[in-house]
Amino acid sequence: MAEKQRMLSGMRPTGRLHLGHQRVIEYWSTLCDTYDSFYFTADWHAITTQFDDTGHLRDNKREIVIDWLSSGLDPEKCHIFHQSDIKEHAELHLLFSMITPLSWLERVPTYKGQLAAFAEKGKDIATYGFLGYPLLMAADILMYRPVGVPVGQDQLPHVEFCRELVRRFHHLYDVNIFPEPAPIFSQIAILPGTDNRKMSKSYNNYINLSDPPEVIKQKVWGMVTDPARIRKTDPGHPEVCAVYAYQGFYNKEKQAEICANCTKGTIGCGECKKMLTDKINAFLDPIREKRAYYENNPQILDEIIDDGNRAARKVACETMEMVREAMKI
Ligand code: TRP
Ligand code: SF4
């Protein structure tokens with residue numbers, strides 16, 4: 001059988017994962033059958049915005065891997081590693097920095113947007129490292145010479161940047177080392193936040209995988225419903241209700257019935273929320289069990305990451321040999 005083509009993706013370890021992330025991880029796990037898959041924690045990237053507060057970084061890296069594993073990523077089927085364990089990423093980033101026009105970095109759409117968003121919160125992230133974010137990301141990606149990168153829409157300019165960089169590198173050194181990685185889009189439906197906006201830490205509208213049952217109850221209780229419903233008998237509009245949207249994800253078989261009863265005014269929001277709370281808790285139970293397993297067996301987690309690092313380093317060393325040869329270093 002021909003070897004599977006490589007694919008890679010990463011996440012910044014900036015805190016616990018929420019239910020929206022869980023859907024992405026579940027999608028990642030489906031890709032493992034098709035591709036030789038590498039997934040890493042982008043811990044150096046996390047420093048770009050949290051350079052003044054790195055105290056949680058080590059914990060966050062472990063926690064995010066635990067969240068991945070409990071969300072269904074099978075360590076037997078993919079390689080899981082930490083960016084900072086593979087020093088070659090730093091070398092490739094440095095070499096790429098020599099050939100990247102400054103203007104390319106300055107015009108990446110996320111650059112100015114993020115600067116402004118952080119400035120609004122009173123934080124200046126206009127560092128050398130932050131400007132180089134897309135370049136480090138390109139190094140992460142190209143190191144594994146993958147055919148594709150599963151990313152969200154927001155990361156698309158970064159993948160395009162990476163493709164441009166490939167062309168420039170090949171042109172400058174007259175080589176052909178890197179396939180131009182294609183973005184891989186998932187078809188998964190996006191889970192909204194508890195207030196119906198995009199689920200995000202900054203909106204405080206998320207449900208974490210590690211939230212205990214009591215917290216789930218509180219968060220579901222606080223979810224946005226149809227504001228027109230005061231009494232149970234008021235006819236509802238499920239399409240504007242976050243609880244209803246969630247029923248579609250976690251209580252699919254009852255969603256149509258809930259829709260009918262809500263519209264007729266024969267189900268109360270309390271009852272509806274209670275049902276959802278139970279469903280989300282039931283969904284999270286096996287995830288909680290796996291989380292407890294890895295928390296209680298730290299050496300197993302270490303082994304998974306050691307194995308992942310070894311596989312990543314092997315490919316990284318091959319790539320760097322080709323790059324050094326191309327540049328005559
Ligand atoms: N920028 C990505 C994010 O914030 C994380 C990331 C870093 C990444 N390097 C990557 C994703 C390489 C895919 C490939 O989500
Ligand atoms: Fe939303 Fe359910 Fe209340 Fe209808 S009954 S408004 S679907 S919470």
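Predicted, not measured: the structure shown is a model, and the values here were computed from it. Numbering of ligands and ligand atoms starts at 1, following listing order.
With Tyr111 as the partner, the ring pair (Phe, Tyr, Trp, His ring centres under 6.0 Å) test is satisfied by one option alone out of Phe161, Phe118, Phe130, Tyr133: Phe130.
Ring pair His89/Tyr144: centre-to-centre distance below 6.0 Å.
Close contacts of ligand 2 with Thr225, meaning ligand atoms under 4.0 Å from a residue heavy atom, involve 8 (S). Short contacts between ligand 2 and Asp226, defined as distances under 4.0 Å to a heavy atom of the residue, involve ligand atoms 6 (S). Atom numbering of ligand 1 starts at 1 in the shown order; those under 4.0 Å from a heavy atom of Ala42 are 7 (C). Atoms of ligand 2 lying under 4.0 Å from any heavy atom of Arg229, numbered from 1 in the order shown and given with element: 3 (Fe), 4 (Fe), 5 (S), 6 (S). Atoms of ligand 2 lying under 4.0 Å from any heavy atom of Tyr244, numbered from 1 in the order shown and given with element: 7 (S). Close approach of ligand 1 to Val149 is summarised as follows: ligand atoms under 4.0 Å from at least one heavy atom of the residue are 13 (C), 14 (C). When each atom of ligand 1 is checked for a heavy atom of Ile141 under 4.0 Å away, the hits are 12 (C), 14 (C).
Looking only at atom types and distance, the side chain of Asp43 has no donor-acceptor partner in the side chain of His82 under 3.5 Å away. Asn205 and Thr194 form no side-chain donor-acceptor contact under 3.5 Å, judged by distance and modelled atom types alone. Side-chain contact check for His79 and Asp36: at least one donor-acceptor pair (N or O, by modelled atom type) lies under 3.5 Å. Side chains of Glu303 and Gln299: a donor-acceptor N/O pair is absent below 3.5 angstrom, by distance only.
A cation-pi contact links Arg197 to Tyr203, judged by a cut-off of 6.0 Å to the six-membered ring centre and 45° from its axis. Stacking of Lys123 on the aromatic ring of Phe51 is recorded, both the 6.0 Å distance cut-off and the 45° axial limit being met. The cationic atom of Lys290 (NZ for Lys, CZ for Arg) does not lie both less than 6.0 Å from the six-membered ring centre of Tyr293 and within 45° of the ring axis.
At a 4.0 Å heavy-atom cut-off, ligand 1 does not touch Leu136 at all. Contacts of Phe40 with ligand 1, taken as heavy-atom pairs under 4.0 Å, involve the side chain alone. Contacts between Gln83 and ligand 1 below 4.0 angstrom, taking non-hydrogen atoms only, are absent altogether.
Looking at ligand 1, you'll find an N or O of Tyr133 within less than 3.5 Å of one of its N or O atoms. Geometrically, ligand 1 and Asp140 share a nitrogen or oxygen pair separated by less than 3.5 Å.
Salt bridge Glu160/Arg163: present, at least one basic N to carboxylate O contact under 4.0 Å.
Gln155 OE1, 3.4 Å is the protein heavy atom nearest to atom 2 (C) of ligand 1. For atom 7 (C) of ligand 1, the nearest non-hydrogen atom of the protein is His45 ND1, 3.4 Å. Scanning the protein heavy atoms around atom 13 (C) of ligand 1, the nearest turns out to be Gly10 N, 3.5 Å.
Within the 4.0 Å heavy-atom shell around ligand 2 one does not find Lys273. The shortest separation from a heavy atom of Cys241 to ligand 2 is under 4.0 Å, placing the residue in contact.
The nearest N, O or S atom of Cys269 is not closer to atom 2 (Fe) of ligand 2 than 2.8 Å.
In this structure, OG1 on Thr319 lies 11.0 Å from CD on Glu91, to the nearest 0.5 angstrom.
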